[in-house]
Amino acid sequence: MLFKAPRGTADILPDEQAYWRYIEEKAVAVCKLYGYQRMDTPTFEDAGLFARSVGEGTDIVNKEMYVFKDRSDNELALQPEGTASICRAYLEHGMDNLPQPVKLYYFADIFRYERPQAGRYRQHHQFGCEAIGEASPMLDAEVIQMALWFFKSLGLTQFTLQLNSIGCKQCRPDYLLKLAEYYTPLTPSLCEDCRTRIVKNPLRLLDCKKPGCQAAAEEAPRSSDHLCEGCHDHFEALKIYLEALGIVYGVNHRLVRGLDYYTRTVFEFQPLEGGSQSALGGGGRYDDLITELGGKQTPAIGFATGMERIVLNLKNQGIEVPGQVKPAVFMACMGNSAKIEALKTASDLREAGIPVIVAAGDRSLKAQLRQANSLGAIYAVIIGDDEINEGMVTLRNMGTSEQQVVEPEELKTILGAQE
RNA sequence: GUGAGUGUAGCCCAGAGGCCUAAGGCGCCAGGUUGUGGCCCUGGAUACCGAGGGUUCGAAUCCCUCCACUCACCCCA
């Protein structure tokens with residue numbers, strides 16, 4: 001074989017498509033219910049956009065981003081996440097002049113140079129939503145509910161909602177200081193990585209999976225205990241709203257996310273079982289991101305889910321999705337004049353909105369009907385010399401094996417009535 | 001980036017130094033009716049045994065390198 005799909009990419013074959021269409025359909029329906037509008041952005045952007053938004057120090061930007069120069073030496077990157085592009089477009093098109101908040105959704109191809117494994121690819125697909133221009137925790141609650149609604153409409157139930165607040169630029173520095181203070185004396189018990197994290201990125205200390213570090217993280221100061229008044233009130237209000245909506249959540253003090261732009265609310269949906277730490281989706285508030293990209297202070301919140309992971313979970317939970325529609329009519333023909341007649345008849349039927357598959361080639365009638373059967377056709381129309389001579393066609397019901405000879409003109413009405 | 005496992009036809013796989021000019025099942029193609037499917041029967045095509053190198057009289061089977069896949073770490077969707 002000369003070529004294979006690049007590592008970490010996958011072809012989505014016809015047999016898989018039903019899952020994807022199903023997910024898209026449910027996603028669009030939920031967005032409609034909550035008043036979100038679709039927006040599509042480029043697959044690649046100025047690399048600086050991601051460095052600035054996702055963060056220079058993050059793994060995503062540091063070691064996972066596909067960066068390249070085009071022929072004019074522009075430094076570009078395949079998008080490693082969806083939010084940055086949406087915010088860029090929001091600013092670029094003056095959407096801050098629209099009634100706020102602006103609610104947008106997208107389906108995007110996401111690229112990260114990672115080592116592929118279950119539910120993890122170098123190119124994957126996300127469905128995401130962003131609500132830009134409103135700070136109220138009501139919106140946080142609504143976004144979370146919307147995500148849940150989406151999962152529920154898909155039939156997914158085996159997952160938990162984890163919630164945390166990581167503060168804002170006012171209270172977070174103090175908290176990080178507290179974390180560093182707490183961790184410094186424990187340095188000997190920490191893993192290599194965590195020792196550097198104390199200085200570089202103390203938040204990340206919390207989600208280290210190494211046993212020694214886990215123990216330390218248990219007792220570590222909690223971000224939610226060190227929120228400023230504004231963040232505290234926001235978080236408390238959100239919890240009240242969630243409870244009012246009957247949404248079950250767990251506060252996970254160690255939930256921090258790998259993108260620097262998050263402020264206050266962060267959340268993640270974790271499957272109860274299956275594979276590694278394959279989050280179904282997640283999101284959070286990013287009140288400073290628009291400013292970071294050159295806009296005025298604009299609070300916002302969003303969430304995103306991985307399509308591949310949803311497919312994985314649908315399969316794991318044995319959820320059936322609507323399958324491929326069977327062709328209504330298979331047209332078999334024998335002989336040259338029959339071929340012409342078949343093409344014309346098929347054309348007429350399609351004109352009448354009836355799906356038709358025509359057997360092209362010179363296979364035996366037996367072979368043609370075999371194919372009709374394996375395609376699951378409901379009817380077969382047979383045209384051969386006999387039919388041509390009489391100016392008729394044979395209509396065979398593949399379910400009952402009943403046949404009748406009819407005029408070509410009648411097909412439309414007979415078959416149309418079956419729909 | 002790290003670690004473990006795997007790599008035989010479109011798919012699932014047997015095969016553990018010569019009997020492999022590689023088996024079986026699914027699928028595909030053809031035939032069993034002179035113009036008729038699904039079941040059944042018969043026949044057929046499709047594999048330079050992941051790639052390259054080595055050991056050997058002899059390798060799909062042993063060794064090395066590389067590549068890919070899978071799983072896990074990491075990180076996240």
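Keep in mind it's a predicted model, so treat the numbers as computed, not measured. Chain A is the first sequence line, chain B the second, and so forth, proteins listed ahead of strands; every chain is numbered from 1.
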Sugar-phosphate atoms are those with a prime plus P, OP1 and OP2; base atoms are the rest. Using that split, label each nucleotide of nucleotides 38-48 of chain B B, S or - for protein heavy atoms under 4.0 Å, 5' to 3'. B----------
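- Rounded to whole angstrom, the span from the CZ atom of Arg309(A) across to the P atom of rC75(B) amounts to 13 Å.
- If you check rA60(B) for Watson-Crick or wobble pairing at under 3.5 angstrom, you find it has no partner at all.
- Rounding to whole angstrom units, CG of residue Asp15(A) and P of rG27(B) are separated by 14 Å.
- Picking from rG31(B), rA72(B), rC75(B) the nucleotide with the shortest atom distance to the side chain of Ala118(A) gives rA72(B).
- Comparing rG35(B), rC69(B), rA72(B) against the side chain of Arg7(A) picks out rC69(B) as the nearest.
- rG54(B) and rA72(B): their C1' atoms are spaced 33 Å apart (whole Å).
- If you check every strand for non-hydrogen atoms under 4.0 Å, Gly119(A) touches a base.
- Residue Arg257(A) has a polar side-chain atom (N or O) positioned under 4.0 Å from OP1 or OP2 of rA77(B).
- A residue-by-residue look at Ala5(A) and Glu308(A) shows that Ala5(A) has its nearest nucleotide of RNA chain B further toward the 5' end.
- The backbone N or O of Leu76(A) lies less than 3.5 Å from no partner atom in the side chain of Asn74(A), so there is not a single donor-acceptor pair.
- Considering only the side chain of Ala279(A), rA77(B) comes nearest among rG3(B), rG35(B), rA77(B).
- Of the P atoms belonging to rA9(B) and rA14(B), the separation is 13 Å, rounded to the nearest Å.
- You'll find the side chain of Glu218(A) reaches within 4.5 Å of the side chain of Arg254(A), heavy atoms only.
- When each of Arg52(A), Lys169(A), Arg172(A) is checked for a salt bridge (Lys or Arg N to Asp or Glu O under 4.0 Å) with Asp288(A), only Lys169(A) meets the rule.
- Pair assignment for rC73(B) gives rG1(B), based on Watson-Crick or G-U wobble hydrogen-bonding distances that are each under 3.5 Å.
- A cation-pi geometry, defined here as NZ or CZ lying under 6.0 Å from the six-membered ring centre and within 45° of its normal, does not hold between Lys178(A) and Tyr182(A).
- Nearest to the side-chain atoms of Asp59(A) among the listed nucleotides rC73(B), rG35(B), rC75(B) stands rC75(B).
- Heavy atoms of Ile110(A) sit nowhere under 4.0 angstrom from any nucleic acid atom.
- Using P as the reference atom, rA59(B) and rA22(B) are 15 Å apart when rounded to the nearest Å.
- Residue Glu268(A) forms a side chain to side chain contact (heavy atoms under 4.5 Å, CB included) with just one option from Leu163(A), Leu255(A), Leu161(A), and that option is Leu255(A).
- Out of rU2(B), rA77(B), rU36(B), the shortest distance to the side chain of Gln126(A) is found at rA77(B).
- Within the 3.5 Å criterion, the main-chain N or O of Pro299(A) finds no donor-acceptor partner in the side chain of Arg285(A).
- The separation between Leu312(A) atom CG and rU70(B) atom C1' is 13 Å, rounded to whole Å.
- Atom CZ in Phe159(A) sits roughly 16 Å away from atom P in rA77(B) (whole-Å rounding).
- Thr58(A) has no side-chain polar atom (N or O) that falls below the 4.0 Å cut-off from OP1 or OP2 of rC75(B).
- When rounded to the nearest whole Å, the span between CG of Leu375(A) and P of rC28(B) equals 10 Å.
- Remark: Arg122(A) qualifies as a cation-pi partner of Tyr113(A) under the 6.0 Å distance and 45° angle criteria applied to the six-membered ring.
- If you check rG10(B) for Watson-Crick or wobble pairing at under 3.5 angstrom, you find it paired to rC26(B).
- Across all strands shown, rC19(B) forms no Watson-Crick or G-U wobble pair with both key distances under 3.5 Å.
- Using a 4.5 Å heavy-atom cutoff, the side chains of His253(A) and Leu206(A) are not in contact.
- Across rA51(B) and rG1(B), the matching P atoms stand 24 Å from one another, rounded to whole Å.
- Across all strands shown, rG31(B) forms a Watson-Crick or G-U wobble pair with rC41(B), both key distances being under 3.5 Å.
- Distances from the side chain of Arg363(A) to the nucleotides rA30(B), rG35(B), rA68(B) place rA30(B) closest.
- Glu387(A) comes within contact range of at least one nucleobase, with a heavy-atom separation under 4.0 Å.
- Within the shown strands, rU65(B) is the pairing partner of rA51(B) under the Watson-Crick or G-U definition, both distances less than 3.5 Å.
- Side chain of Tyr286(A) to backbone of Gly302(A): no donor-acceptor contact under 3.5 angstrom is found.
- With rounding to whole Å, Phe151(A) atom CZ is found 12 Å from rA77(B) atom P.
- Scanning atom types as modelled, no donor and acceptor separated by under 3.5 angstrom connect the side chain of Glu114(A) and the base of rG1(B).
- In this structure, rU46(B) makes no Watson-Crick or G-U wobble pair, since no nucleotide meets both defining distances under 3.5 angstrom.
- Panel note: side chain Arg112(A), backbone Tyr121(A); no donor-acceptor pair is recorded below 3.5 Å.
- Between the CD atom of Glu64(A) and the C1' atom of rC75(B) there is a distance of 6 Å, rounded to whole Å.
- Not a single donor-acceptor contact under 3.5 angstrom links the side-chain atoms of Gln368(A) to the base of rU36(B).
- The residue Phe127(A) sits apart from the nucleic acid: no heavy atom pair falls under 4.0 Å.
- Annotation: rC62(B) and rC69(B) have their P atoms spaced 24 Å apart (nearest Å).
- The residue Leu259(A) sits close only to the backbone: its heavy atoms come under 4.0 Å of sugar-phosphate atoms, none of a base.
- Comparing rA60(B) with rG50(B), their C1' atoms sit 12 Å apart, to the nearest whole Å.
- When each of Ala377(A) and His125(A) is assigned the nucleotide of RNA chain B with its nearest heavy atom, Ala377(A) is the one assigned upstream, toward the 5' end.
- As rounded to the nearest Å, rC73(B) and rC48(B) have P atoms that lie 36 Å from one another.
- Distances shown here put every side-chain N or O of Gln117(A) at or beyond 4.0 Å from the OP1 or OP2 atom of rU70(B).
- Taking atom NZ of Lys4(A) as the reference point, atom P of rA68(B) lies 8 Å away to the nearest angstrom.
- Around the CD atom of Gln170(A), the shell of radius 6.0 Å holds no more than 12 heavy atoms that belong to other residues, nucleotides or ligands.
- Counting non-hydrogen atoms under 4.0 angstrom, Ala332(A) reaches nothing in the nucleic acid.
- When the P atom is used for both rU56(B) and rA68(B), the distance is 31 Å, rounded to whole Å.
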